[in-house]
Amino acid sequence: MSEPILTTKDLQKSYGDNQAVKGITFSVLRGEIFSLLGPNGAGKTTTISMLSCLLTPTGGTAVIDNHAIPQDSLAIRRIIGVVPQEIALYDELTARQNLQFWGQMYDMKGKALKQRVDEVLEQVALSDRANDRVETYSGGMKRRINIAVGLLHKPQLLFMDEPTVGIDPQSRRRILDMVRDLRDEGMTVLYTTHYMEEAEELSDRVGIIDHGRLIALGTQEELKQVVGEQETVRLNFGEGHEANGHADLFNGVDGVLAATSLDGEIVLSVKEAAAVLPAVVTRANSAGLPIRAIEIEEPNLEAVFLHLTGRALRD
Amino acid sequence: MFQKMTALAWKDTIIRFSSRTELLFFLILPLVFTVLLSGGVGTGQTGAGDNRIVLLVVNQDGSEPANTLIRALAASDVVRIEEEPLAEAETRFADEAAPALLVIPAGFGAAVLDGSTAVLDLRQLPNNNNANAADRAVQTAVSDISAPWIAARASLQEAEQLAPFADDAARQAYFQQAADLAAALLADEPQRVSVTQPEAALTEANTYDQAAHQSAGQLITWVFIPLLGTSALLAFERRYGTLRRLLVTPTRKATYLLGTIFGQFSTAVVQMGILVGFGIVVMGVNWGRSPAGLAIMLLTFGLSSVAFGVMMATFVKTEGQANNLSIMLGMSMALLGGCWFPIELFPPAVQTAVHVLPTTWAMQGLADLVMRGAGVAEILPEAAVLSGFAVVFFVVGIVRFRYE
């Protein structure tokens, strides 16, 4: 796990005056799970689209396994597998018919194709529903077939663009386990997500992307060093007390480095939680916000993002 | 490449026929409309019995020219004359027992002999194809006998200047003798320019066959609409992300487009085969006069239609828009192209204008084959125009097609 399979240098994409990707540089090493973590609209999907030869970059370079984008697009498309964010399947076809069709698009045929279709159906645990039309599947099952299509031709490098959006926790768990298994089998995975928990659980290395720029890159330990000894404090208020709009209340408290509201909570980035808590509680009470629960977290990627941008990942 | 094209075509076929309602448009409606608009099964002119259009004739003149006209009409392939007294004929015409009534008024023969205007009274049911066909049959008969009459009248005038006839009977007898001689001479007239046509074309010229017209017209209508629907298929792939997914596989854009076109075109060929077979077996329509000509017409029509669908895909955003536009344009173009009613019913300016539509050329070519007994040589102009449409539509469609 040392040589890069994918390298980008100052990769850019513009639509007129709108610069969606503003020059990002990173490498993905063979056999690793590399996550691009960032909020919606950060440029993750545009980056994946350029790397999968769907969009032509307007600047910079990208090389996959010694093939340049977009000059060697046909060779690159044989090496990569893509699991798009949307479920790109034919609802009227059965899962098996879908897989056979997509396999043929990857130049597979005959017994080899049939055998591989059986294997991936097994891999996504849908062998028993293989002959049912996809339109009868749940959202989670469709997501799994969506992934299976990307695995059919055993790609060296798999792009997974937010593959767990909009599904139930059980299906999400299954997909995350599957991604780890793929890495263990030797596949390289470029995974995009806006869920900090997924990036933390899966990634060997993480690139944090925001507004089209790569603002941090490294292993999780390296990234957490960016925030130093900082801790994250989450304040939960009782029902009827909305946290949104009250983050600024805590910005002036000694020891609070940043404050933002997220999912009905106030998230504080602090130097030392034990030292600042009395002042935080006093400030909340004086503002008429009764604290129901306080949670103190070790430094994580959410804190890194908050530290670097002053915003929460899902702001 | 061919394996991928076949896979794309097969996928599209499964998707298209995954809904049973597709059979309604593919088979049931075309067959039902063909039968209904033809007036029933077995009504084609290759069926048993005399299927000619009934033309009621009232002969109030009784002169030799009137009898000659009736004999010419009796020899027609289009109309079957039934002579009646005026009152009975008018009653039957009012009851719509016949689409046309021809009255040869008293004085018709005398006018022919004098060289003055000879008037015929032809009454037709309004907006009736058979009445139009009867009108053309009468005009053809009059045209056939006019040339000998003109020659006979000139001869009669010369003879009268030399010596007056004893009575009117002698005058009429001379006229008829001169007319017969002129007809014989015209029949043997030496030709400096010879035009060769297949025998069937000569013997069945001007034949109108309702069943044949509807068999051809409904085929064009119900094959044309789904082929325009190719635009919906392309819009669907673009909208739901399957096109993006296809383009990240090692599949070329050209392979994708060709595969999609191949699938739609192949399905159309099967549908056309079924509808032609139905026309032959059930409707008694003679589709088999020129198999090569028929194949050329169906292939060029299918290609121009699917090309039109590809071009349409570049103007729509969603498959809903594409479906609605396909039905609206398909029906309008079929109607204006003469697929439901002969374009002879339209005003002359419209008849000319509708030649911008591929359906007009397709209908013209198929009508030539099935109603006028044309061969390959006769339908080549229509096939060439349809091929031209196909090239133009494909070029516009491929250049304008958006993959993202």
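Chain letters run A, B, ... following the sequence lines, proteins first and then strands; every chain starts at 1.
Judged by distance alone, the side chain of A/Ser52 and the main-chain N or O of B/Val248 form no donor-acceptor pair under 3.5 Å. Looking at B/Arg245, its side chain never comes within 3.5 Å of a backbone N or O of A/Trp102 through a donor-acceptor pair. A donor-acceptor pair is defined here as one N or O able to donate and one able to accept, closer than 3.5 Å; such a pair exists between the side chain of A/Arg77 and the backbone of B/Thr249.
Heavy-atom distances place no part of A/Ile76 under 4.5 Å from chain B, backbone and side chain included. Within the 4.5 angstrom heavy-atom criterion, no atom of A/Gln100 approaches chain B.
The distance from atom OG of A/Ser49 to atom CG of B/Leu247, rounded to the nearest 0.5 Å, is 11.5 Å. Rounding to the nearest 0.5 Å places CG of A/Leu93 at 5.0 Å from CD1 of B/Ile14. The structure places OG1 of B/Thr251 at 10.5 Å from CD of A/Gln104, a figure rounded to the nearest 0.5 Å. A/Asp107 CG to B/Gln3 CD: the interatomic distance, rounded to the nearest 0.5 Å, is 7.0 Å.
Within 6.0 Å of CD in B/Glu22 there are more than 12 heavy atoms belonging to other residues, nucleotides or ligands. Heavy atoms from other residues, nucleotides or ligands lying under 6.0 Å from CH2 of B/Trp340 number more than 12. In the displayed structure, B/Arg252 atom CZ is contacted under 6.0 Å by at most 12 heavy atoms of other residues, nucleotides or ligands. The number of heavy atoms from other shown groups lying within 6.0 Å of NZ (A/Lys114) does not exceed 12.
Across every non-hydrogen atom of A/Ala88 and B/Gly241, the tightest pair is CB-O, 3.5 Å.
In this structure, B/Tyr240 and A/Glu86 have side chains that are not in contact, with every pair of non-hydrogen atoms separated by 4.5 Å or more. Side chains of B/Glu237 and A/Tyr90 form a contact here, defined as non-hydrogen atoms less than 4.5 Å apart. With contacts defined as side-chain heavy-atom distances shorter than 4.5 Å, the pair B/Leu246/A/Phe101 qualifies.
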Requested in this report: For the pair B/Phe17 and A/Glu92, evaluate side chain to side chain contact (heavy atoms under 4.5 Å, CB included) and give the outcome as yes or no after the intermediate values.
Outcome: CA-CA 9 Å; B/Phe17 290 98; A/Glu92 298 85 352; over 6 Å; no

**Report entry** Stepwise side chain to side chain contact (heavy atoms under 4.5 Å, CB included) test for B/Lys11 and A/Asn98
**Finding:** CA-CA 9 Å; B/Lys11 176 261 298 176; A/Asn98 262 291; over 6 Å; no

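For A/Arg133 and B/Ser18, the side-chain atoms include no donor-acceptor pair closer than 3.5 Å.
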